[in-house]
Protein chains: 2
Amino acid sequence: MRSGELASSAGVNVQTLRYYERRGLLAEPARSGSGYRAYPGEAVRIVRFIRRAQRLGFTLAEVETLLGLAGGGPDRCAATRALATEKLSDLENRIAELCFMRDSLRNLVRTCGRPAAQRDCPLLGELEEER
Amino acid sequence: MRSGELASSAGVNVQTLRYYERRGLLAEPARSGSGYRAYPGEAVRIVRFIRRAQRLGFTLAEVETLLGLAGGGPDRCAATRALATEKLSDLENRIAELCFMRDSLRNLVRTCGRPAAQRDCPLLGELEEER
DNA sequence: CTTGACCCGATACCCCGGTACCGGGTTGAC
DNA sequence: GTCAACCCGGTACCGGGGTATCGGGTCAAG
C-alpha cells in the first residue's frame, strides 16, 4: 500500500504519516525500487488507533507507550503492567471528572429556564455571582 | 488579591493570568492606584475551573463558552440550552470511548502475564501481530 | 533610604501536532 | 511519448497554549 492510499483510508494526510514516522510512532515501511513507501495492510489499524487514542486525550508520546504495551511479551510484563496500571488510574480519574461535568450540564439543561437563583448546576453554579 | 497571590493559589503562573485576560477568559480586574491588578476572591475559583475544564479536554475557546453559560439569564435560555446540550453529547461520547479504553486496559493488566496469544485486550490486541 | 520582592506592558520565544510548499522523480492510462 | 496523478526529502509555516525576558516602576521591612 502506498502512502496516499494509507492516508486516505486512515483519514489522515500524507504529511501526517511522515510526521508519525519521524516521531517513531509508525515503523519505517519497506520501499519500492524507486523509493516509494510500501505499507503493510495493518498500518491502517495502527494509524486509526493513534487517532482514536488522541481523541481520548492521549498525547503522541503516550500513544507511543501504548503501542509499546501491545508488543511486550510476558518477559516484559512487570513493566507493561505498571504502565498500563498507571494509564488506567489516569483514565479513571478523567472519566470521573467528565461524569461530574456531564451531570452538571444535565442539570443546567434541565433547569436553565428558571431564574438564575433557581438553577442547578454545581459546575457552573459556583461562578454565578461574578462577572 | 494581587496577581502573584492569585497565581500561586490557583496553581498557574502570572503570565498565564495575563494570557487568560487577553483571551477574554478572565475579566479585567480593578487596578490599584499604581496600576497593580486587584482580583476579587472568586477569581481563584474561575481560574481553577478553567484548569479543570482543560484537563478534561476542553479548549480555551470552549471554556469561554462554558463560562458564558453560567451567566446567561432565562432570556438567553434557548441558546444556552443548545450549547449545553451539544457539549453534553460530546461529553457522553468521550466518556464511552474512555470507558472502552479503560476496560481494555483492565483486561490487559489482568492477562498480560500470559503469552501474547492468550492475552485479552481488544484495544491493543489488534496490534499484536505487527512490529 | 536602601534593598529585595513584587508588579507593569511589550515582545520574543517554546513545544505540540500537524500542514503547506518546493523542486524534482515515477507511474500508468491514453 | 505525454500528461495527470502520485511520490520523494527538505524546509517553512501555522494555531494552540503558554513561558521567558526586558526595562522599568512600587512597596515594605529594616
Side-chain angles (χ1 to χ4, degrees), chain A residues 1-41 43-44 46-68 87 90 94 97, chain B residues 1-41 43-44 46-68 87 90 94 97:
Chain A
M1 196 191 318
R2 300 201 311 197
S3 55
E5 196 185 342
L6 173 57
S8 70
S9 52
V12 303
N13 102 21
V14 176
Q15 279 50 298
T16 302
L17 293 179
R18 271 138 81 173
Y19 175 69
Y20 289 168
E21 189 177 321
R22 274 204 304 288
R23 300 257 332 207
L25 284 169
L26 210 48
E28 295 188 15
R31 297 292 183 127
S32 76
S34 54
Y36 286 18
R37 288 173 180 80
Y39 291 97
V44 177
I46 300 181
V47 176
R48 287 197 182 133
F49 172 82
I50 296 171
R51 307 306 294 210
R52 179 150 50 112
Q54 272 192 299
R55 282 205 315 281
L56 301 184
F58 291 95
T59 65
L60 290 186
E62 290 173 325
V63 172
E64 210 175 332
T65 299
L66 243 22
L67 289 171
K87 286 266 162 269
D90 184 56
R94 284 176 38 212
E97 282 189 283
Chain B
M1 197 189 320
R2 301 201 311 196
S3 54
E5 196 185 342
L6 173 57
S8 69
S9 52
V12 302
N13 101 23
V14 175
Q15 280 48 301
T16 302
L17 293 179
R18 272 139 81 173
Y19 175 68
Y20 288 167
E21 189 177 320
R22 275 204 303 288
R23 299 257 331 210
L25 284 169
L26 210 47
E28 295 188 16
R31 296 291 183 128
S32 75
S34 55
Y36 285 18
R37 288 173 180 79
Y39 291 98
V44 177
I46 299 181
V47 176
R48 287 195 181 136
F49 173 83
I50 295 171
R51 305 307 295 210
R52 178 150 51 114
Q54 271 192 300
R55 282 204 317 280
L56 301 183
F58 291 94
T59 65
L60 290 185
E62 289 171 326
V63 173
E64 209 176 332
T65 299
L66 242 23
L67 288 171
K87 285 266 164 267
D90 184 55
R94 288 186 23 221
E97 282 190 283

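Since the model is a prediction, treat every value here as computed from it, not as a measurement. Just so it is clear: chains get the letters A, B, ... in the order the sequence lines come, proteins before strands, and each one is counted from 1.
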CA sep, side-chain torsions, deciding dist, call: A/E64, A/L60, side chain to side chain contact (heavy atoms under 4.5 Å, CB included): CA-CA 6 Å; A/E64 210 175 332; A/L60 290 186; over 6 Å; no

Could you give the [atom1]-to-[atom2] distance, from [X] to [N], as a whole number of Å?
{"X": "A/Y20", "N": "C/dT19", "atom1": "OH", "atom2": "C1'", "value": "12 Å"}
{"X": "B/L6", "N": "C/dC6", "atom1": "CG", "atom2": "P", "value": "15 Å"}
{"X": "A/L17", "N": "D/dG9", "atom1": "CG", "atom2": "P", "value": "12 Å"}
{"X": "B/Q54", "N": "D/dG16", "atom1": "CD", "atom2": "C1'", "value": "10 Å"}
{"X": "B/E64", "N": "D/dG16", "atom1": "CD", "atom2": "C1'", "value": "14 Å"}
{"X": "A/R2", "N": "C/dT27", "atom1": "CZ", "atom2": "C1'", "value": "7 Å"}
{"X": "A/Q15", "N": "C/dC16", "atom1": "CD", "atom2": "P", "value": "20 Å"}
{"X": "A/E21", "N": "D/dC7", "atom1": "CD", "atom2": "C1'", "value": "13 Å"}

Interface residues of residues 29-41 of chain A with DNA chain C (non-hydrogen, below 4.0 angstrom):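 Result for residues 29-41 of chain A: A/S34, A/Y36, sorted by number.
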
Check: A/I46 and A/L25 side chains under 4.5 Å, non-hydrogen atoms: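 When only atoms from C-beta onward are counted, A/I46 and A/L25 do not touch, as no gap falls below 4.5 Å.
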
Note, B/L66 side chain near B/F49 side chain (heavy atom, < 4.5 Å):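 Side-chain contact under 4.5 Å: yes.
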
Whether [X] contacts [N] is assessed here as follows: a side-chain N or O lying under 4.0 Å from the phosphate OP1 or OP2. Is that the case?
{"X": "B/R51", "N": "D/dG18", "answer": "yes"}
{"X": "A/S3", "N": "D/dC6", "answer": "no"}
{"X": "B/T16", "N": "D/dT19", "answer": "yes"}
{"X": "A/Y19", "N": "C/dC16", "answer": "no"}

Whichever of A/E5 and B/R23 has its nearest DNA chain D nucleotide further upstream toward 5':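 Closer to the 5' end of DNA chain D: A/E5.
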
cation_pi(A/R51, A/Y20) dist<6.0 Å, angle<=45: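 Because its charged atom misses either the 6.0 Å distance or the 45° angle limit, A/R51 does not stack over A/Y20.
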
Candidate pair A/Y19 and A/V12, rule side chain to side chain contact (heavy atoms under 4.5 Å, CB included), full reasoning: CA-CA 11 Å; A/Y19 175 69; A/V12 303; over 6 Å; no

B/S9 backbone acceptor or donor facing B/R48 side chain under 3.5 Å: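 Side chain of B/R48 to backbone of B/S9: a pair is present.
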
Sugar-phosphate only, base, or nothing, as touched by A/R18 at under 4.0 Å among non-hydrogen atoms: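 Contact class for A/R18: base.
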
Selection residues 29-39 of chain B - residue pairs positive for side chain to side chain donor-acceptor pair (under 3.5 Å), sequence neighbours left out: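 Qualifying pairs, neighbours excluded: B/E21-B/R37, B/S32-B/S34.
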
